[in-house]
Participant: 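Attaching a single structure in structure tokens format; questions to follow.
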Amino acid sequence: MADESLEVGAHLDACLARAVSHNPALKDTAVVIAAIAGAAITISEVIGRGALGGDLAATGSKNSDGDVQKALDVIAHQRVTEALQAAPVAEVASEEADDVMRLNPGAPLAVAIDPLDGSSNIGVNMAVGTIFGIRPAVQDAGNPIASFTTPGTAQLAAGFVTYGPATALVLTLGEGTQVYVLDRAERAFRLTHPSLDVPATTKEYAINASNARHWEAPIKAFIEDCLRGAEGPRDKDYNMRWLGSLVADAQRVLMRGGVFLYPGDQRKGYAQGRLRLLYEAAPIAMLMEQAGAGATDGERRILDIEATGIHERVPLVFGSTEEVECVAKYFDGRNHAAGRSPLFGQRGLMRS
Ligand SMILES: O=P(O)(O)OC[C@H]1O[C@](O)(COP(=O)(O)O)[C@@H](O)[C@@H]1O
Ligand SMILES: [Mg+2]
Ligand SMILES: [Mg+2]
């Protein structure tokens, strides 16, 4: 396509302007994305100073999910909220606010946002991020969270920023998934990957294996078969990566393939896993699908699920389509491996 705004190196603003010229209905959405990108640049600068700027991991009160907030969680929430206040946003569902925040009554859009993802990595100089999904605002006097009870398919755009070695914005407006990298000299995001295409096959999985004894049978069976490598039914040797930062794991999967799992498990409060539907799973699911990958809770497409609460959790499996489909088979019994795990079972190899 001969369009300068899609060329590597093009500025985010030019790419957003192009998207709006193709689809004028995206005008407000583009303003919101630019606002979040602006906030992300300032958050990136705070993170970039590390401990020189104070203790970003200092703990304060608890957030809506019972997690202890760190200083950077609060800073990021303030920066994105200020930016969204100046954008056409009626309501915000933030991880760091118990209830829906009403910003500009009557404005057309609603934003679900995780201002700072990967909080356990704050203070140890590892990648963290910001995740967001933008939806039409829905007016319903009888339902204060109406804007957030539509399925993920209602999202007009979704993205995340990774504050890693480079600060990157991974974005979709429903026509592919693009990556922009922050040009620190210009304080502007510039296009590096015009269209991601996640490989359908992979040999890399990501899961917090310390929870293995709590997993349900289909997950135990799937991981056991990955661990058996070329000698097992999957017929290939796997590699494992787990960064403890959803955005960083998601970016790796988008760039080179892989499968990520945060399933429900038997720990108290973890029946639906740890990750939140509105501001973690749904935006990442849209980015994955737009890059040719998949996202499921094991049984349902993530983008079809309707939230009943703004901080609702959901089991999350995403990435290369062959692996995501394979996990679904363990859940619906087409792979009859569930429950037969010698590695994780009651009388398993690891137990004696
Ligand atoms: O510590 P665990 O249970 O492995 O969970 C790690 C997951 O928790 C998260 O940090 C949750 O996000 P928040 O930091 O925004 O609460 C994800 O980024 C990450 O994938
Ligand atoms: Mg998070
Ligand atoms: Mg968070």
Side-chain angles (χ1 to χ4, degrees), residues 36 39-40 43 46-47 56-57 59-81 92-98 101 111-124 126-133 158-164 170 205-215 219 223 240-254 258-285 287-288 295 297 302 310-319:
I36 294 171
I43 295 168
V46 171
I47 293 169
L56 296 176
T59 52
S61 43
K62 287 190 175 174
N63 71 13
S64 52
D65 211 28
D67 288 342
V68 177
Q69 287 177 317
K70 295 183 173 166
L72 186 60
D73 285 315
V74 177
I75 293 169
H77 173 74
Q78 285 167 348
R79 299 285 169 100
V80 295
T81 305
V92 174
S94 166
E95 183 190 355
E96 306 306 335
D98 289 346
M101 302 169 68
V111 176
I113 194 156
D114 179 354
L116 203 287
D117 178 64
S119 295
S120 69
N121 283 333
I122 299 174
V124 294
M126 299 291 286
V128 291
T130 298
I131 314 173
F132 61 93
F160 62 74
V161 178
T162 44
Y163 309 106
V170 184
Y205 68 89
I207 192 165
N208 184 341
S210 68
N211 300 320
R213 69 192 184 285
H214 305 296
W215 293 336
I219 296 293
I223 296 298
M240 201 281 285
R241 286 284 181 274
W242 179 257
L243 299 172
S245 174
L246 174 63
V247 282
D249 278 314
Q251 183 154 10
R252 185 190 62 252
V253 168
L254 284 164
V259 60
F260 172 101
L261 306 95
Y262 207 123
D265 65 51
Q266 288 166 1
R267 285 174 295 163
K268 193 165 177 285
Y270 280 77
Q272 300 302 312
R274 170 168 172 74
L275 302 174
R276 278 57 58 101
L277 174 58
L278 285 175
Y279 44 79
E280 292 179 318
I284 283 176
L287 291 162
M288 289 292 154
D297 72 348
I302 292 291
I310 61 170
H311 300 295
E312 183 171 317
R313 296 182 179 200
V314 69
L316 181 58
V317 177
F318 64 77

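In listed order, ligands and their atoms are each counted from 1. Note that the coordinates shown come from a computational prediction; the quantities given were computed from them, not determined experimentally.
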Participant: Is there side-chain contact between F260 and R252, with heavy atoms separated by less than 4.5 Å?
Facilitator: no

Participant: Answer yes or no: is there an ion pair linking D73 with K70, defined by an N-O contact shorter than 4.0 Å?
Facilitator: no

Participant: Below 4.0 Å from any atom of ligand 1, which residues have a heavy atom? Give them in chain and number order, please.
Facilitator: D67, E95, D114, L116, D117, G118, S119, N208, W242, G244, S245, L246, Y262, R274, L275, R276, E280

Participant: Which protein atoms of type N, O or S are found under 2.8 Å from the Mg ion (ligand 2)?
Facilitator: D114 OD2, D117 OD1, E280 OE2

Participant: Between E96 and Q69, is any side-chain donor less than 3.5 angstrom from a side-chain acceptor?
Facilitator: yes

Participant: Indicate the atoms forming the closest heavy-atom contact of G264 with P315, along with that distance.
Facilitator: N-CB, 3.7 Å

Participant: Please identify which of these residues, V247, L278, L275, meets the side-chain contact (heavy atoms from CB on, under 4.5 Å) condition with I131.
Facilitator: V247

Participant: Is there a side-chain contact between M288 and L254, using heavy atoms and a 4.5 Å cut-off?
Facilitator: yes

Participant: May I ask you to decide whether R276 forms a salt bridge with D117, counting only side-chain N to carboxylate O separations under 4.0 Å?
Facilitator: no

Participant: Among I43, L56, L246, L116, exactly one meets side-chain contact (heavy atoms from CB on, under 4.5 Å) together with V128. Which residue is that?
Facilitator: L116

Participant: Would you check if W215 and I223 make a side-chain contact, meaning some heavy-atom pair closer than 4.5 Å?
Facilitator: yes

